[in-house]
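Values below: every heavy atom of this structure, side chains too, minus hydrogens, waters and symmetry copies. To find a chain, count down the sequence lines: A is the first, B the second, and so on, and within it residues start at 1. It should be emphasised that the depicted structure is a prediction, and the values quoted were computed from it without experimental measurement.
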Number of protein chains: 2
Amino acid sequence: MTESASSARDTEAVSRFVESFAAQLVEAGMQRMPARVFAALLSSDEGSMTSAELGEQLRISPAAVSGAVRYLAQTHMVSREREPGSRRERYRVHGNQWYEALTNREAVIKRWEGALREGVTSLGADTPAGRRMAETLAFFEFIETEIVEMMERWRVHREKKFGQE
Amino acid sequence: MTESASSARDTEAVSRFVESFAAQLVEAGMQRMPARVFAALLSSDEGSMTSAELGEQLRISPAAVSGAVRYLAQTHMVSREREPGSRRERYRVHGNQWYEALTNREAVIKRWEGALREGVTSLGADTPAGRRMAETLAFFEFIETEIVEMMERWRVHREKKFGQE
DNA sequence: CGCTTCTTTCAGAAATTTGTGAAGTTAAGG
DNA sequence: CCTTAACTTCACAAATTTCTGAAAGAAGCG
C-alpha cells in the first residue's frame with residue numbers, strides 16, 4: 001500500500017515485535033534494557049547492530065546501550081566484535097546458540113545444589129524437612145544431566161530440520 | 001553443647017538456611033517476600049505453617065504474608081488449607097511436587113511461542129531474521145515435549161530412590 | 001602527537017517496587 | 001446477633017532500581 005519494495009522492512013511492525021518479545025523476556029526475569037537490546041539484535045537481519053543503531057531504534061542513550069550490552073556479553077547471550085577500520089563496535093547474537101545459553105544454567109543449578117546441601121545439613125538428614133531437601137537436591141542433580149542430553153538431541157533434531165548451516 | 005535434645009531445631013541455622021535459599025530464588029527471578037515465605041515453608045518439618053508463624057519467623061507484617069501467599073498460591077507452589085475448628089489458615093508446600101511446578105512452565109512457553117510466531121510474520125518468513133525466529137520457535141516446541149518426557153523419567157527415578165511415599 | 005569519534009563510568013533525578021500500619025472484611029463461637 | 005480472631009486491601013513512606021547527561025577514557029587516523 002504505502003511502502004515501495006517488499007524487501008523494505010515494516011519498521012513499525014518490527015518495532016512492535018521487538019517490544020512485545022522484550023516484554024516476555026522481562027517477565028521471565030531479564031532486566032528491561034538488556035531485554036530490549038537483545039530483542040532488537042535478534043530481529044535484525046544481520047543478527048548484529050552497532051551501538052548507534054541500537055540507541056536510535058530503541059530511543060535510549062549510549063549509556064543505556066553500554067550497560068545492557070555489558071550484561072548480555074557477561075551472560076554469553078551476545079558477543080562484541082570490533083568493526084575493522086572503525087572504532088565502532090558491533091554486537092551480535094550467536095545465531096542459533098543463544099537459546100543454548102538460556103538452558104545452560106550449569107552455574108545456577110550448581111548454586112542451588114550447594115544451598116540445598118547446606119539445607120540438608122542445617123535441618124538434619126534424619127528430619128522430615130531434611131529429607132524433603134535431599135529429595136529436591138536429587139531432582140536438581142537429575143535435571144542437570146537430563147538437560148545436557150536434551151541439548152544433544154536438539155542439535156541432531158535441528159540439523160535434520162534446518163541443515164548444518 | 002548448648003541445647004537439650006537433638007530433636008530441637010537449631011533455630012539460628014535454620015533461619016540462615018531459609019535466607020540463603022530465598023536469596024537463590026530471588027536471583028532466579030522470584031520476588032523477595034514470596035521467596036522467603038516459600039523457603040520457610042519448605043524447611044518446616046510439617047511442610048506447612050500458619051500466617052502467624054511465618055510472620056514471626058521472618059519478622060514481617062501480616063500484610064506481607066498475605067501478599068506473598070497469594071502469589072505462591074496463584075503459581076501453584078503452595079496451597080492454602082483451613083485449620084478445622086479455628087479461623088487460622090495453613091499454607092502448605094506440596095511435598096515433592098513443588099519443583100514440578102517449577103518446570104511446569106507450560107503457560108510461559110506457550111506465550112513465548114506466540115510471540116515468536118508473531119515475529120516470523122512481522123519479519124517475513126523469507127528473511128534472515130524471520131528464519132532465525134522460526135528456528136528459535138522450533139527449539140521451544142522441541143523443549144516443550146522434552147520437558148514432559150523428562151518429568152516422567154524423573155518420577156520413575158524418584159520412586160526407585162525414595163519409594164512411592 | 002593531537003584530533004576526532006566512539007564507548008564507558010559515574011553521580012544523581014525520576015520512576016518503580018516494596019512493605020507497613022490502619023482500616024475493612026469475613027466467619028467462628030458464644 | 002455480637003464479639004473477636006484472623007485475613008485482606010489500600011494508601012503511603014521508604015528503599016531500590018533505572019536511565020540519563022556530562023565528563024572521562026580509549027583508539028583510529030592524519
Side-chain angles (χ1 to χ4, degrees), chain A residues 15 18-19 22-41 44 46 48-75 77-93, chain B residues 15 18-19 22-41 44 46 48-75 77-93:
Chain A
S15 177
V18 166
E19 296 305 331
Q24 298 297 323
L25 290 165
V26 168
E27 198 149 338
M30 195 184 290
Q31 291 159 352
R32 181 187 310 278
M33 282 295 140
R36 296 181 69 210
V37 166
F38 184 73
L41 286 171
S44 69
E46 302 76 21
S48 79
M49 296 173 78
T50 66
S51 176
E53 288 166 351
L54 285 165
E56 189 189 6
Q57 170 166 2
L58 301 174
R59 311 302 231 77
I60 58 181
S61 70
V65 175
S66 175
V69 152
R70 177 176 30 172
Y71 173 85
L72 291 170
Q74 273 171 2
T75 55
M77 304 273 287
V78 154
S79 68
R80 344 162 65 109
E81 26 185 88
R82 184 60 76 144
E83 235 174 24
S86 158
R87 62 224 79 163
R88 275 196 193 136
E89 208 138 24
R90 292 196 78 81
Y91 307 109
R92 172 177 305 281
V93 291
Chain B
S15 177
V18 166
E19 295 305 331
Q24 298 298 323
L25 291 164
V26 168
E27 198 149 338
M30 195 185 289
Q31 289 159 351
R32 181 190 309 280
M33 281 295 139
R36 295 182 69 209
V37 167
F38 184 72
L41 286 172
S44 70
E46 302 76 21
S48 79
M49 295 173 78
T50 66
S51 178
E53 288 166 350
L54 284 166
E56 190 189 4
Q57 170 166 2
L58 301 173
R59 312 304 232 75
I60 58 181
S61 71
V65 175
S66 174
V69 153
R70 176 175 31 171
Y71 173 84
L72 291 170
Q74 272 172 1
T75 55
M77 305 272 287
V78 154
S79 68
R80 343 163 64 111
E81 24 185 270
R82 183 62 74 148
E83 235 175 22
S86 157
R87 59 220 84 161
R88 277 199 190 129
E89 208 138 24
R90 292 195 78 81
Y91 307 110
R92 154 161 282 117
V93 291

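- A sub-4.0 Å separation between OP1 or OP2 of dA28(C) and a side-chain N or O of Arg88(B) is absent.
- Arg59(B) is not listed as a side-chain neighbour of Arg36(B), based on a closest heavy-atom distance of 4.5 Å or more.
- In this structure, the CG atom of Leu54(A) is 13 Å from the P atom of dT20(D), given to the nearest Å.
- Rounded to a whole Å, the CZ atom of Arg59(A) is 12 Å from the P atom of dG21(D).
- Between Glu83(A) atom CD and dT5(C) atom P the separation is 16 Å, expressed in whole Å.
- Remark: C1' of dT7(C) and CE of Met49(A) are 17 Å apart, rounded to the nearest angstrom.
- When distances are taken from the side chain of Tyr91(A) to each of dG21(D), dT8(D), dT8(C), the shortest belongs to dT8(C).
- Closest to the side chain of Met33(B), out of dG19(C), dT8(C), dT20(D), is dG19(C).
- For the OP1/OP2 pair of dT18(C) and a distance below 4.0 Å, the side-chain nitrogens and oxygens of Arg32(B) include no atom meeting the criterion.
- Among the protein residues, Arg80(B) comes within range of the sugar-phosphate backbone only, with heavy atoms under 4.0 Å from sugar or phosphate atoms but none that close to a base.
- Of the candidate nucleotides dT9(C), dA27(D), dT20(C), dA27(D) has the atom lying nearest to any side-chain atom of Arg82(A).
- dT18(D) atom P lies 17 Å from atom CG of Leu58(A), rounded to whole Å.
- The distance between atom CD1 of Ile60(A) and atom P of dT8(C), rounded to the nearest whole Å, is 13 Å.
- You'll find a donor-acceptor pair under 3.5 Å spanning the side chain of Arg87(A) and the base of dT4(C), going by distance alone.
- As a whole-Å value, the separation of Gln31(B) CD from dG19(C) C1' is 12 Å.
- Between Arg90(B) and the phosphate of dC7(D), there is no side-chain N or O to OP1/OP2 separation shorter than 4.0 Å.
- Taking side-chain N and O atoms only, Arg70(A) has no distance below 4.0 Å to OP1 or OP2 of dT8(C).
- Note: OH (Tyr71(B)) to C1' (dT17(C)) measures 15 Å, nearest angstrom.
- Using a distance-only test at 3.5 Å, with no hydrogens or angles considered, no donor-acceptor pair links the side chain of Glu56(B) to the main chain of Glu53(B).
- Looking only at atom types and distance, the side chain of Arg90(B) has a donor-acceptor partner in the side chain of Ser48(B) under 3.5 Å away.
- Heavy-atom distances to DNA chain C give each of Ser51(A) and Gly85(B) a nearest nucleotide, and the one nearer the 5′ end belongs to Ser51(A).
- In the set dG21(C), dT20(D), dT8(C), the nucleotide with an atom closest to the side chain of Ala63(B) is dG21(C).
- The backbone N or O of Glu83(A) sits nowhere less than 3.5 Å from a side-chain atom of Ser86(A) that would complete a donor-acceptor pair.
- Across all non-hydrogen atoms, the minimal contact from Ala35(A) to Val26(A) is CB-CG2, 3.8 Å.
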